[in-house]
2 protein chains.
Amino acid sequence: MSTTRILIADPLEILAAGLRSWLSEAPEMEVVGHAGTGQAVLERLEEGPVDLILMEVSLPGRDGIDTMREVRRHHPAVKVLAYSALTEIEYVNSMLIEGASGYLVKGSSKEELITAIRAVMNDQPYLSPAARESTLHGYDHTQKRMDGEYIGLTEREREIIRLVAQERTNDEIAKALFISVDTVKTHRKHLMTKLNVRSLAGLVKYARDRCWI
Amino acid sequence: MSTTRILIADPLEILAAGLRSWLSEAPEMEVVGHAGTGQAVLERLEEGPVDLILMEVSLPGRDGIDTMREVRRHHPAVKVLAYSALTEIEYVNSMLIEGASGYLVKGSSKEELITAIRAVMNDQPYLSPAARESTLHGYDHTQKRMDGEYIGLTEREREIIRLVAQERTNDEIAKALFISVDTVKTHRKHLMTKLNVRSLAGLVKYARDRCWI
DNA sequence: CCCACAATACCCACTAGAGGGTATTTTTCG
DNA sequence: CGAAAAATACCCTCTAGTGGGTATTGTGGG
């Protein structure tokens, strides 16, 4: 069996140290790098071979979901195992739809981590219990759409959600972007529909999770 | 010099592994435990001596700020170094007011971590640059009160902020708690004044940071 | 025993946001 | 080129939230 070269994509370098320590008992695995941002992930992939990325969803700048898409496009052979504390259905779905081979919940034990990596390297998808639970019952209690259709936000919508999450009023946003208040309202309506939330609170949580604020 | 016994209070066990790995080059430091919740911190302190706690602000259940207060009350000799990715002035202030000896920003290098622990153990407060920046200029751009007065929230106010952050309307909250809508509005007013935010968005962010939702 | 505080509840006024449309222009992409 | 998507902007209505008061009751601490 050849060595599995692992890149950890997480804002915290100390997490890479923890991972190295944990994987020391899995001789066929080697941590070959750490990237603190989505951009750094893409740059690292150009520099040398990587077999698997442990990818946090919440990355500053280009987040894990966006990075996932880029990795799929430019490096289809690299496997990605999502690795985040977030277990909400929208993030699990988004990562899987973008091509992740599994979703490991942060806080998993050393044993589960190693099991997950081995599974993914053997082309078997791996989902942590909490992530599996989300894909099965994530919509039960929340009136959310069951279809799980992944709907991306446009660039303009991302700008708007960032601003509303920063406590800006529609009026302030309109002035800042040189557009009409009505247009801002339209974008908000689209955002709330796409993300299936009831109010501003849902938008704020989503933006926070994706490190947009 | 005697050994510094360190307890790491953080939801992620792998962080404790990373810390152990990093501190292996500081021979006088020893990681003697890991606690994933505020409750676990207090229980661990009853079981054996600890010199310093590396305390995350965002802990599930009883968060770092509340735990800090309990540690001060029952174990005044134990030093606490706050350790979080949050750099907002309210969290830095809260932890320091509750008695933390320093505030280390997650994402700091191994060297800074060791420096910070040594400083704190020598009774010198330590603040990461970003945390210091917050205490000095945290209010410059945000119209927030400069006095930095720490105002605790009451239990009822915490209930309310949890619910508003969960996308509940005032009406739903009133029905759930068997109180008048006007009372809910009053609590919201108090919350917004105390936390110095402009709208629901600010309340949601605060609740999210403190792991209340 | 008082004072401070927490929790409750109401008044008024005003604004912002939610929810339903439709429609135009521009951009993007097959 | 032509279709689809994105960004723009307006209509309407209604509810929810913000912001300023005041006031009562109960409770816990000094």
Side-chain angles (χ1 to χ4, degrees), chain A residues 66 69-70 72-73 97 142-145 149-207 212-213, chain B residues 66 69 73 97 142-145 149-207 212-213:
Chain A
D66 291 340
R69 181 166 31 242
E70 291 303 309
R72 248 327 106 259
R73 191 184 331 274
I97 289 167
T142 62
Q143 303 101 31
K144 292 195 176 186
R145 287 188 308 277
E149 185 190 357
Y150 177 72
I151 303 170
L153 303 185
T154 68
E155 268 311 305
R156 199 54 153 175
E157 285 167 346
R158 291 185 184 207
E159 279 189 272
I160 305 280
I161 195 176
R162 271 187 214 110
L163 291 166
V164 301
Q166 285 165 14
E167 303 185 68
R168 310 301 187 81
T169 63
N170 289 340
D171 206 55
E172 290 170 343
I173 296 170
K175 284 187 173 64
L177 301 183
F178 304 104
I179 56 179
S180 151
V181 183
D182 296 298
T183 306
V184 179
K185 286 185 184 178
T186 303
H187 285 307
R188 277 179 87 133
K189 276 187 280 195
H190 291 161
L191 281 165
M192 293 180 65
T193 305
K194 283 186 177 180
L195 300 179
N196 205 244
V197 298
R198 303 172 62 195
S199 72
L200 171 58
L203 298 183
V204 174
K205 281 189 281 186
Y206 189 86
W212 289 348
I213 48 173
Chain B
D66 291 341
R69 181 166 32 242
R73 192 186 328 278
I97 288 166
T142 63
Q143 304 98 29
K144 292 195 173 184
R145 285 189 309 279
E149 186 189 357
Y150 176 72
I151 304 171
L153 303 184
T154 68
E155 266 312 304
R156 201 53 155 174
E157 285 166 347
R158 290 187 186 208
E159 279 189 271
I160 304 280
I161 195 176
R162 270 186 216 108
L163 292 166
V164 300
Q166 283 164 16
E167 304 186 66
R168 311 301 185 79
T169 63
N170 289 339
D171 206 54
E172 290 169 344
I173 296 170
K175 284 188 174 63
L177 301 182
F178 304 104
I179 56 180
S180 152
V181 183
D182 296 299
T183 306
V184 179
K185 286 185 184 179
T186 303
H187 285 307
R188 276 180 89 133
K189 276 187 280 195
H190 291 160
L191 281 166
M192 293 180 64
T193 305
K194 283 185 177 181
L195 301 178
N196 205 245
V197 298
R198 302 172 63 195
S199 74
L200 171 58
L203 297 181
V204 174
K205 280 189 281 185
Y206 189 86
W212 289 348
I213 46 174

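Everything numeric in this text was worked out from a predicted model, so none of it was measured.
- Counting heavy atoms from C-beta outward, I161(B) and Y206(B) have side chains that approach closer than 4.5 Å.
- Residues V204(A) and L203(B) form no side-chain contact, since every pair of their non-hydrogen atoms from C-beta on lies 4.5 Å or further apart.
- Atom-to-atom, CG of L153(B) to P of dA6(C) comes out at 10 Å; the value is rounded to the nearest Å.
- Between the CD atom of E155(A) and the P atom of dA6(D) there is a distance of 12 Å, rounded to whole Å.
- What separates CD of E157(B) from P of dT8(C) is a distance of 10 Å, to the nearest Å.
- Looking at K185(A), its side chain never comes within 3.5 Å of a backbone N or O of S180(A) through a donor-acceptor pair.
- Taking atom NE2 of residue H187(A) and atom P of nucleotide dG19(C), one finds them 18 Å apart after rounding to whole Å.
- Atom CE of M192(B) is separated from atom CG of N196(B) by 9.5 Å, given to the nearest 0.5 angstrom.
- Counting heavy atoms from C-beta on, the side chains of T154(A) and K194(A) come closer than 4.5 Å.
- Rounded to an integer number of Å, the gap from R156(B) CZ to dT8(C) C1' is 9 Å.
- Residues of residues 172-184 of chain A having a heavy atom closer than 4.0 Å to DNA chain D, listed by number: I179(A), S180(A), D182(A), T183(A).
- Here E157(B) contributes atom CD and L195(B) contributes atom CG; the two are 8.5 Å apart, rounded to the nearest 0.5 Å.
- Distances shorter than 4.0 Å separate none of the side-chain N or O atoms of T154(A) from OP1 or OP2 on dA5(D).
- Taking 4.0 Å as the cut-off between side-chain N and carboxylate O, R162(A) and E159(A) do not count as a salt-bridged pair.
- Within the 4.5 Å cutoff, side-chain heavy atoms of L177(B) are placed close to those of L163(B).
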Exercise for the section: Go through L200(A) and R188(A) one step at a time and tell me if the side-chain contact (heavy atoms from CB on, under 4.5 Å) criterion holds. Expected result: CA-CA 9 Å; L200(A) 171 58; R188(A) 277 179 87 133; 3.9 Å; yes
Handout entry: Per-nucleotide protein contact string for nucleotides 13-30 of chain D (B base, S sugar-phosphate only, - none; heavy atom under 4.0 Å)
Key = ----SBSBB---------
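- Going from atom CG of L191(A) over to atom C1' of dG19(C) covers 15 Å, rounded to whole Å.
- A side chain to side chain contact (heavy atoms under 4.5 Å, CB included) with N170(A) is found for one member of V181(A), I160(A), D182(A) and no other, namely V181(A).
- A heavy-atom distance below 4.5 Å is not found between the side chains of H187(B) and V164(B).
- Axis orientation changes by 70° from one end of the helix from dC1(C)-dG30(D) to dG30(C)-dC1(D) to the other, with each end axis drawn from 5 pairs and the value rounded to 10°.
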